[in-house]
Amino acid sequence: MTMQIDCEDRDEMRILTVVADRIDAAIAIQFKDAVRAATQDAPPRVILNLHQVSFIDSSGLGAIVAGMKLLPKGTQMELASLNEAVDKVFRMTRMDSVFKIHADAAAL
Amino acid sequence: MTLLVACDPDSHRGLGPAAASAAEWQLKLDGRFEDVSATLISVRAWLQDRTGGHCGSSWEMALAECLNNIAEHAYSDEQPGEIDLWLTVRCNRLSVIIRDHGSPMPNHTLPQVSAPDVSCARADLPEGGFGWFLIHELTTNLRYKRLGSENWTGFEVSVNG
């Protein structure tokens, strides 16, 4: 099982588009590895575009947090295009206070 | 003439073979993360059909956490096993009963957890421990029983958002 993440550098941002329907226990490790590989030389802002993701579980949430903690010093991780289910996980765990969340990746 | 139907009004609240036998749909899956994902996808399709496409996400979060917990802690990579799942939709709620043959819960009871602390420095943010918190928040009638060599877990969750 592989996790595909498409990267786009623009202005001072790197937009990582997760090409997967789920970030869950089955794929959490691959996701973490893919984010780390895509952010080693990241600019000051990394935006995780979750437009295609319809579901994350606590493992997926943990993998996103882990990905953020591995960012180079001075780089912030932000999130974009969370659907209702994904947004709910962040709100319930209060992780929406930890990440800047953009409603629409297309408007970045 | 009054027809009296003998029934146990609490059968859907219980745990064990009798409670399970009243369920609408029974599934079997391997206790591994990939099989949990595949099962949730099937259940989502079934629920969208049963609820006219408006089942929400709460049920999937609660069921994912419970099933992943069994895959990770009751079973293990070295000692995998099967999970039986019984599902019923009633009054905008999904009733779930789960059986596995893995290790028991510590102290044979459900863990009690509080909300994870996210007020700390970035480097100290928790990467886990959210599962049981989410289950407690999302479900009602959450219950667990060890019967012989079997774990029985049950709960109800909204299928209306």
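So you know, we letter chains A, B, ... as the sequences are listed, proteins then strands, and number each from 1. Here the structure is a predicted model, which means the values were calculated and not measured.
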**Request:** Enumerate by number any residue of residues 52-64 of chain A whose heavy atoms lie under 4.5 Å from heavy atoms of chain B; in the absence of such residues, state 'none'.
**Result:** A:S54, A:F55, A:D57, A:S58, A:L61, A:G62
**Asked** Is it true that atom CD of B:E24 has more than 12 heavy atoms of other residues, nucleotides or ligands lying nearer than 6.0 Å?
**Response** yes
**Item:** Within 6.0 Å of CZ in A:R91, more than 12 heavy atoms from elsewhere
**Value:** yes
**Complete:** side-chain contact (heavy atoms from CB on, under 4.5 Å) filter on B:N92, not counting sequence neighbours, yields B:N160
**Prompt:** If you check every heavy atom in residues 40-48 of chain B against those of chain A, which residues fall under 4.5 Å?
**Reply:** B:L40, B:I41, B:R44
Any side-chain heavy atom of [X] within less than 4.5 Å of one from [Y]?
X      : Y     : result
B:E60  : A:R22 : yes
B:V118 : A:T93 : no
B:E34  : A:I27 : no

**Complete:** Bottom line for B:A123: the part with an atom under 4.5 Å from chain A's heavy atoms is backbone
**Request:** Quick one: which residue pairs count as a side chain to side chain donor-acceptor pair (under 3.5 Å) with a foot in residues 99-108 of chain A, not counting sequence neighbours?
**Result:** A:E78-A:H102
**Complete:** For B:R122 and A:T75 the tightest heavy-atom approach is NH1-O, 2.9 Å
**Prompt:** Donor-acceptor pair, A:K88 side chain versus B:S58 backbone, under 3.5 Å?
**Reply:** no
